[in-house]
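As C-alpha coordinates, the structure follows; a few thoughts come after it.
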Amino acid sequence: MIEVVAELSRGPVFLAGEALECVVTVTNPLPPTATSASSEALAWASAQIHCQFHASESRVALPPPDSSQPDVQPDSQTVFLPHRGERGQCILSTPPKILFCDLRLDPGESKSYSYSEVLPIEGPPSFRGQSVKYVYKLTIGCQRVNSPITLLRVPLRVLVLTGLQDVRFPQDEAVAPSSPFLEEDEGGKKDSWLAELAGERLMAATSCRSLHLYNISDGRGKVGTFGIFKSVYRLGEDVVGTLNLGEGTVACLQFSVSLQTEERVQPEYQRRRGTGGAPSVSHVTHARHQESCLHTTRTSFSLPIPLSSTPGFCTAIVSLKWRLHFEFVTSREPGLVLLPPVEQPEPATWTGPEQVEKTIIGL
(Lines give C-alpha, C1' and ligand atoms only; values in the text may rest on other atoms or scores of the structure.)
Protein backbone atom coordinates (compact mmCIF):
# COMPACT_ATOMS: atom_id res chain seq x y z
CA MET A 1 0.00 0.00 0.00
CA ILE A 2 1.16 3.52 -0.85
CA GLU A 3 -0.03 6.84 0.56
CA VAL A 4 0.02 9.93 -1.66
CA VAL A 5 -0.55 13.35 -0.07
CA ALA A 6 -0.83 16.59 -2.07
CA GLU A 7 -0.40 19.87 -0.18
CA LEU A 8 -1.08 23.25 -1.78
CA SER A 9 1.28 25.80 -0.26
CA ARG A 10 -1.12 28.76 -0.73
CA GLY A 11 -4.54 27.17 -0.45
CA PRO A 12 -7.03 26.09 -3.15
CA VAL A 13 -8.05 29.56 -4.48
CA PHE A 14 -6.10 31.06 -7.38
CA LEU A 15 -6.28 33.87 -9.87
CA ALA A 16 -6.05 32.87 -13.52
CA GLY A 17 -2.43 33.45 -14.55
CA GLU A 18 -0.99 32.65 -11.11
CA ALA A 19 1.39 29.75 -10.48
CA LEU A 20 0.11 26.79 -8.50
CA GLU A 21 2.68 25.18 -6.23
CA CYS A 22 2.07 21.76 -4.73
CA VAL A 23 4.20 19.36 -2.69
CA VAL A 24 3.43 15.71 -3.38
CA THR A 25 4.57 13.27 -0.70
CA VAL A 26 4.67 9.53 -1.39
CA THR A 27 4.92 7.29 1.66
CA ASN A 28 5.17 3.58 2.40
CA PRO A 29 3.02 3.44 5.57
CA LEU A 30 4.30 0.09 6.81
CA PRO A 31 6.38 0.27 10.00
CA PRO A 32 10.16 0.34 9.56
CA THR A 33 10.39 -3.01 11.35
CA ALA A 34 8.68 -4.74 8.42
CA THR A 35 10.69 -7.04 6.20
CA SER A 36 12.44 -5.80 3.10
CA ALA A 37 9.94 -7.77 1.05
CA SER A 38 7.37 -5.10 1.97
CA SER A 39 9.12 -2.49 -0.21
CA GLU A 40 6.92 -0.80 -2.79
CA ALA A 41 7.98 -0.16 -6.37
CA LEU A 42 6.34 2.69 -8.30
CA ALA A 43 6.72 2.98 -12.05
CA TRP A 44 5.96 6.69 -12.37
CA ALA A 45 3.82 9.63 -11.20
CA SER A 46 2.57 12.65 -13.16
CA ALA A 47 0.52 15.75 -12.42
CA GLN A 48 -1.74 17.90 -14.57
CA ILE A 49 -4.35 20.67 -14.18
CA HIS A 50 -7.55 20.47 -16.19
CA CYS A 51 -10.95 22.17 -16.40
CA GLN A 52 -13.97 19.89 -16.73
CA PHE A 53 -17.10 21.23 -18.43
CA HIS A 54 -20.57 19.77 -17.90
CA ALA A 55 -23.86 21.06 -19.37
CA SER A 56 -27.44 20.27 -18.44
CA GLU A 57 -29.03 18.36 -21.30
CA SER A 58 -32.44 19.91 -20.58
CA ARG A 59 -31.11 23.49 -20.83
CA VAL A 60 -28.15 23.45 -23.24
CA ALA A 61 -28.08 22.07 -26.78
CA LEU A 62 -24.44 21.23 -27.50
CA PRO A 63 -23.23 20.19 -30.94
CA PRO A 64 -22.35 16.49 -31.32
CA PRO A 65 -18.75 15.62 -30.38
CA ASP A 66 -16.14 15.37 -33.10
CA SER A 67 -15.74 11.64 -33.71
CA SER A 68 -12.85 12.16 -36.13
CA GLN A 69 -10.45 12.71 -33.20
CA PRO A 70 -11.10 9.98 -30.65
CA ASP A 71 -9.25 9.84 -27.34
CA VAL A 72 -6.01 7.90 -27.31
CA GLN A 73 -6.71 4.52 -25.71
CA PRO A 74 -9.56 5.82 -23.50
CA ASP A 75 -10.15 2.40 -21.93
CA SER A 76 -6.52 1.64 -21.20
CA GLN A 77 -5.58 1.52 -17.51
CA THR A 78 -1.96 2.41 -18.26
CA VAL A 79 -2.56 5.81 -19.95
CA PHE A 80 -2.64 8.93 -17.77
CA LEU A 81 -6.02 10.61 -18.41
CA PRO A 82 -6.79 13.10 -15.59
CA HIS A 83 -10.49 13.32 -16.48
CA ARG A 84 -11.05 9.56 -16.68
CA GLY A 85 -14.46 8.59 -15.30
CA GLU A 86 -15.75 12.18 -14.94
CA ARG A 87 -18.91 13.55 -16.49
CA GLY A 88 -18.68 16.15 -19.23
CA GLN A 89 -15.67 17.04 -21.32
CA CYS A 90 -12.23 18.42 -20.66
CA ILE A 91 -12.06 21.87 -22.26
CA LEU A 92 -8.72 23.05 -20.89
CA SER A 93 -5.61 21.33 -19.59
CA THR A 94 -1.95 22.01 -18.93
CA PRO A 95 0.83 19.76 -20.22
CA PRO A 96 1.42 16.78 -17.90
CA LYS A 97 4.60 16.87 -15.86
CA ILE A 98 6.43 13.79 -14.61
CA LEU A 99 7.18 13.82 -10.89
CA PHE A 100 9.36 10.71 -10.77
CA CYS A 101 10.10 7.38 -12.44
CA ASP A 102 11.21 4.00 -11.02
CA LEU A 103 10.80 4.81 -7.34
CA ARG A 104 11.26 2.21 -4.61
CA LEU A 105 10.18 2.92 -1.03
CA ASP A 106 11.18 0.81 1.94
CA PRO A 107 8.78 0.45 4.89
CA GLY A 108 8.37 3.80 6.66
CA GLU A 109 10.19 5.71 3.90
CA SER A 110 8.72 8.75 2.13
CA LYS A 111 9.74 11.05 -0.71
CA SER A 112 8.50 14.56 -1.52
CA TYR A 113 8.33 16.19 -4.94
CA SER A 114 7.48 19.75 -5.97
CA TYR A 115 5.01 20.54 -8.73
CA SER A 116 4.50 24.03 -10.18
CA GLU A 117 2.28 25.13 -13.04
CA VAL A 118 0.75 28.41 -14.23
CA LEU A 119 -3.04 28.36 -14.40
CA PRO A 120 -4.22 29.19 -17.94
CA ILE A 121 -5.39 32.78 -18.15
CA GLU A 122 -7.73 32.18 -21.09
CA GLY A 123 -10.03 29.73 -19.28
CA PRO A 124 -13.42 30.33 -17.63
CA PRO A 125 -13.77 30.80 -13.87
CA SER A 126 -14.84 28.04 -11.52
CA PHE A 127 -18.62 27.92 -11.62
CA ARG A 128 -21.40 25.52 -10.60
CA GLY A 129 -24.64 26.73 -12.14
CA GLN A 130 -27.95 25.22 -13.12
CA SER A 131 -27.11 25.10 -16.83
CA VAL A 132 -23.34 24.57 -16.91
CA LYS A 133 -20.47 23.73 -14.58
CA TYR A 134 -16.78 24.62 -14.91
CA VAL A 135 -14.67 22.63 -12.44
CA TYR A 136 -10.88 22.88 -12.05
CA LYS A 137 -8.85 20.05 -10.59
CA LEU A 138 -5.24 19.13 -10.04
CA THR A 139 -4.90 15.44 -10.84
CA ILE A 140 -1.95 13.34 -9.71
CA GLY A 141 -1.61 9.96 -11.35
CA CYS A 142 0.55 7.23 -9.85
CA GLN A 143 1.13 3.68 -11.04
CA ARG A 144 2.62 0.78 -9.14
CA VAL A 145 4.45 -1.88 -11.08
CA ASN A 146 2.03 -4.31 -12.74
CA SER A 147 -0.99 -2.35 -11.45
CA PRO A 148 -3.52 0.09 -12.93
CA ILE A 149 -3.16 3.84 -12.54
CA THR A 150 -4.49 5.46 -9.37
CA LEU A 151 -5.70 9.07 -9.59
CA LEU A 152 -5.72 11.67 -6.80
CA ARG A 153 -7.85 14.73 -7.61
CA VAL A 154 -7.50 18.03 -5.73
CA PRO A 155 -10.35 20.54 -6.37
CA LEU A 156 -9.32 24.11 -7.16
CA ARG A 157 -11.16 27.40 -7.32
CA VAL A 158 -10.07 29.73 -10.12
CA LEU A 159 -11.12 33.38 -10.34
CA VAL A 160 -10.85 35.32 -13.60
CA LEU A 161 -10.30 39.09 -13.60
CA THR A 162 -11.27 40.76 -16.87
CA GLY A 163 -8.44 42.69 -18.44
CA LEU A 164 -5.51 40.64 -17.17
CA GLN A 165 -5.42 38.53 -20.34
CA ASP A 166 -3.69 41.34 -22.25
CA VAL A 167 -1.17 42.21 -19.53
CA ARG A 168 2.38 40.92 -19.93
CA PHE A 169 4.95 40.53 -17.21
CA PRO A 170 7.90 42.91 -17.74
CA GLN A 171 10.99 40.94 -18.70
CA ASP A 172 13.71 43.59 -18.85
CA GLU A 173 13.16 45.41 -15.59
CA ALA A 174 12.50 44.42 -12.02
CA VAL A 175 9.01 44.92 -10.70
CA ALA A 176 10.18 45.96 -7.24
CA PRO A 177 13.55 46.75 -5.65
CA SER A 178 15.38 43.51 -4.89
CA SER A 179 18.29 42.67 -2.67
CA PRO A 180 21.40 41.15 -4.31
CA PHE A 181 21.90 39.01 -1.19
CA LEU A 182 18.51 37.26 -1.46
CA GLU A 183 17.54 34.68 -4.02
CA GLU A 184 14.25 35.39 -5.76
CA ASP A 185 12.65 33.01 -8.20
CA GLU A 186 11.04 34.49 -11.29
CA GLY A 187 7.72 32.66 -10.68
CA GLY A 188 7.26 34.09 -7.19
CA LYS A 189 8.08 37.59 -8.42
CA LYS A 190 5.55 37.26 -11.25
CA ASP A 191 2.81 36.00 -8.90
CA SER A 192 3.42 38.91 -6.54
CA TRP A 193 3.30 41.37 -9.42
CA LEU A 194 0.12 39.81 -10.83
CA ALA A 195 -1.67 39.81 -7.46
CA GLU A 196 -0.67 43.43 -6.88
CA LEU A 197 -1.89 44.45 -10.34
CA ALA A 198 -5.19 42.61 -9.80
CA GLY A 199 -5.67 44.33 -6.44
CA GLU A 200 -5.02 47.73 -7.96
CA ARG A 201 -7.53 47.15 -10.76
CA LEU A 202 -10.18 45.87 -8.37
CA MET A 203 -9.66 48.84 -6.08
CA ALA A 204 -9.87 51.29 -8.96
CA ALA A 205 -13.07 49.70 -10.31
CA THR A 206 -14.88 49.31 -6.98
CA SER A 207 -13.87 52.57 -5.29
CA CYS A 208 -15.57 54.84 -7.83
CA ARG A 209 -18.71 56.27 -6.21
CA SER A 210 -21.44 58.14 -8.00
CA LEU A 211 -25.06 58.33 -6.86
CA HIS A 212 -27.48 56.76 -9.35
CA LEU A 213 -31.20 57.45 -8.86
CA TYR A 214 -34.05 55.43 -10.37
CA ASN A 215 -37.74 56.34 -10.23
CA ILE A 216 -40.10 53.50 -9.33
CA SER A 217 -43.68 53.75 -10.55
CA ASP A 218 -46.66 51.69 -11.61
CA GLY A 219 -49.65 52.46 -13.81
CA ARG A 220 -51.20 54.68 -11.12
CA GLY A 221 -48.27 56.90 -10.24
CA LYS A 222 -44.89 57.14 -8.56
CA VAL A 223 -44.02 54.77 -5.74
CA GLY A 224 -40.62 56.16 -4.76
CA THR A 225 -36.98 56.63 -5.70
CA PHE A 226 -34.19 54.05 -5.46
CA GLY A 227 -30.60 55.21 -4.99
CA ILE A 228 -27.33 53.30 -5.20
CA PHE A 229 -23.81 54.70 -4.93
CA LYS A 230 -21.88 52.33 -7.22
CA SER A 231 -22.44 49.45 -9.63
CA VAL A 232 -19.18 47.47 -9.33
CA TYR A 233 -18.47 45.41 -6.20
CA ARG A 234 -15.93 42.92 -4.90
CA LEU A 235 -16.76 39.55 -3.40
CA GLY A 236 -17.44 40.01 0.32
CA GLU A 237 -18.69 43.61 -0.01
CA ASP A 238 -22.18 44.81 0.90
CA VAL A 239 -24.54 46.22 -1.71
CA VAL A 240 -26.05 49.28 0.00
CA GLY A 241 -29.08 51.07 -1.40
CA THR A 242 -31.65 53.64 -0.28
CA LEU A 243 -35.38 54.02 -0.91
CA ASN A 244 -37.20 57.34 -0.69
CA LEU A 245 -40.94 56.62 -0.43
CA GLY A 246 -41.98 60.04 0.85
CA GLU A 247 -42.14 61.55 -2.64
CA GLY A 248 -44.45 58.85 -3.99
CA THR A 249 -48.10 59.31 -4.84
CA VAL A 250 -48.87 55.59 -4.44
CA ALA A 251 -48.75 54.16 -0.91
CA CYS A 252 -46.19 51.35 -0.52
CA LEU A 253 -47.13 48.75 2.09
CA GLN A 254 -44.13 46.42 1.84
CA PHE A 255 -41.07 45.88 -0.29
CA SER A 256 -38.42 43.22 -0.73
CA VAL A 257 -35.10 43.32 -2.56
CA SER A 258 -33.03 40.26 -3.52
CA LEU A 259 -29.42 40.01 -4.65
CA GLN A 260 -29.45 37.50 -7.50
CA THR A 261 -27.28 36.02 -10.22
CA GLU A 262 -28.76 35.54 -13.68
CA GLU A 263 -27.38 32.60 -15.64
CA ARG A 264 -28.29 32.87 -19.31
CA VAL A 265 -27.53 30.35 -22.06
CA GLN A 266 -26.34 31.95 -25.29
CA PRO A 267 -29.01 31.93 -28.06
CA GLU A 268 -27.17 29.49 -30.32
CA TYR A 269 -26.99 26.91 -27.52
CA GLN A 270 -30.51 27.30 -26.13
CA ARG A 271 -32.71 24.23 -26.24
CA ARG A 272 -36.15 24.84 -27.66
CA ARG A 273 -38.96 24.84 -25.12
CA GLY A 274 -41.18 22.79 -27.43
CA THR A 275 -38.77 19.84 -27.27
CA GLY A 276 -38.97 19.53 -23.49
CA GLY A 277 -36.15 21.95 -22.72
CA ALA A 278 -35.97 23.92 -19.48
CA PRO A 279 -35.86 27.74 -19.43
CA SER A 280 -32.62 29.20 -20.81
CA VAL A 281 -32.44 31.76 -17.97
CA SER A 282 -32.17 30.81 -14.30
CA HIS A 283 -31.84 32.94 -11.18
CA VAL A 284 -30.24 32.22 -7.81
CA THR A 285 -30.90 34.41 -4.77
CA HIS A 286 -27.86 35.03 -2.54
CA ALA A 287 -29.30 37.59 -0.08
CA ARG A 288 -32.73 39.11 0.59
CA HIS A 289 -34.17 42.02 2.56
CA GLN A 290 -37.87 42.49 3.30
CA GLU A 291 -39.50 45.38 5.14
CA SER A 292 -42.99 46.67 5.94
CA CYS A 293 -43.01 50.36 5.03
CA LEU A 294 -46.54 51.74 5.37
CA HIS A 295 -45.35 54.56 7.66
CA THR A 296 -41.87 54.88 6.19
CA THR A 297 -40.69 57.83 4.13
CA ARG A 298 -37.00 56.86 3.79
CA THR A 299 -35.17 53.57 4.41
CA SER A 300 -32.07 51.64 3.35
CA PHE A 301 -30.88 48.07 2.92
CA SER A 302 -27.58 46.19 2.88
CA LEU A 303 -27.07 42.87 1.07
CA PRO A 304 -23.76 40.98 1.48
CA ILE A 305 -22.09 39.38 -1.53
CA PRO A 306 -20.97 35.85 -0.54
CA LEU A 307 -17.24 35.17 -0.78
CA SER A 308 -18.02 31.72 -2.21
CA SER A 309 -19.95 33.13 -5.20
CA THR A 310 -18.66 33.64 -8.75
CA PRO A 311 -18.17 37.11 -10.28
CA GLY A 312 -19.94 37.89 -13.52
CA PHE A 313 -18.42 36.38 -16.66
CA CYS A 314 -19.28 35.45 -20.24
CA THR A 315 -18.27 32.47 -22.38
CA ALA A 316 -19.40 31.18 -25.76
CA ILE A 317 -22.06 29.02 -24.05
CA VAL A 318 -23.29 30.93 -21.00
CA SER A 319 -23.14 34.33 -19.31
CA LEU A 320 -23.51 35.22 -15.63
CA LYS A 321 -24.71 38.63 -14.42
CA TRP A 322 -25.61 40.06 -11.01
CA ARG A 323 -28.79 42.02 -10.39
CA LEU A 324 -31.12 43.46 -7.75
CA HIS A 325 -34.70 42.19 -7.93
CA PHE A 326 -37.39 44.36 -6.27
CA GLU A 327 -40.96 43.54 -5.32
CA PHE A 328 -43.32 46.27 -4.07
CA VAL A 329 -46.73 45.77 -2.49
CA THR A 330 -48.73 48.95 -3.13
CA SER A 331 -52.24 50.07 -2.16
CA ARG A 332 -55.02 50.49 -4.70
CA GLU A 333 -56.87 52.91 -2.42
CA PRO A 334 -55.98 56.49 -3.44
CA GLY A 335 -57.00 57.99 -0.09
CA LEU A 336 -55.11 55.63 2.20
CA VAL A 337 -53.96 57.46 5.34
CA LEU A 338 -50.23 56.89 5.81
CA LEU A 339 -49.77 58.53 9.24
CA PRO A 340 -52.06 59.08 12.24
CA PRO A 341 -53.32 62.61 12.89
CA VAL A 342 -50.75 64.86 14.52
CA GLU A 343 -53.22 66.60 16.86
CA GLN A 344 -55.66 64.60 18.97
CA PRO A 345 -58.31 66.39 21.11
CA GLU A 346 -58.22 63.54 23.60
CA PRO A 347 -56.29 60.30 24.07
CA ALA A 348 -57.17 57.80 21.35
CA THR A 349 -55.81 54.63 19.80
CA TRP A 350 -54.98 54.76 16.09
CA THR A 351 -55.01 51.50 14.17
CA GLY A 352 -54.25 50.82 10.56
CA PRO A 353 -56.79 49.36 8.13
CA GLU A 354 -57.42 45.64 8.52
CA GLN A 355 -57.79 45.02 4.79
CA VAL A 356 -56.26 46.94 1.90
CA GLU A 357 -56.58 46.25 -1.82
CA LYS A 358 -53.00 45.83 -3.00
CA THR A 359 -50.89 45.37 -6.10
CA ILE A 360 -47.52 43.60 -6.40
CA ILE A 361 -44.88 45.19 -8.62
CA GLY A 362 -41.78 43.21 -9.66
CA LEU A 363 -38.65 44.91 -11.04
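None of the values given here were measured: they were computed from a predicted structure. Hydrogens, waters and symmetry mates play no part in the numbers below; they use all other heavy atoms, side chains included.
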Query raised in the report: Does Gln48 reach the main-chain N or O of Thr94 with its side chain, forming a donor-acceptor pair under 3.5 Å?
Result: yes
Query raised in the report: Is a donor on one side and an acceptor on the other found under 3.5 Å between the side chain of Ser93 and the backbone of Ile49?
Result: no
Report task. Please determine if Arg104 and Glu40 form a salt bridge, counting it only when a charged side-chain N lies under 4.0 Å from a carboxylate O. Result -> no
Query raised in the report: Checking Arg220 side chain against Ser331 main chain: does a donor-acceptor pair fall under 3.5 Å?
Result: yes
Query raised in the report: How long is the span from the CG atom in Leu303 to the CD atom in Gln260, to the nearest 0.5 Å?
Result: 10.5 Å
Query raised in the report: Is the shortest distance from a Lys or Arg side-chain nitrogen in Lys321 or Glu263 to a carboxylate oxygen in the other one below 4.0 Å?
Result: no
Report task. Among Ile, Leu, Val, Met, Phe, Trp and Tyr joined by side-chain contacts under 4.5 Å, find the other residues sharing a cluster with Phe229 and list them by chain and number. Result -> Leu211, Leu213
Query raised in the report: Does the pair Lys97/Glu117 count as a salt bridge with the N-to-O cut at 4.0 Å?
Result: yes
Query raised in the report: Any sub-3.5 Å donor-acceptor pair from Asp238's side-chain atoms to Ser302's backbone N or O?
Result: no
**Report entry** Which residues share a side-chain hydrogen bond (donor to acceptor under 3.5 Å, both in side chains) with Lys230, sequence neighbours left out
**Finding:** Glu237
Query raised in the report: Sub-3.5 Å donor-acceptor pair from the side chain of Gln52 to the main-chain atoms of Arg87, do we have one?
Result: yes
Report task. Taking only Lys NZ, Arg NE, NH1 and NH2, and the carboxylate oxygens of Asp or Glu, determine whether Glu86 and Arg153 approach each other closer than 4.0 Å. Result -> yes
Requested in this report: Determine whether the aromatic ring centres of Tyr134 and Phe127 lie less than 6.0 Å apart.
Outcome: no
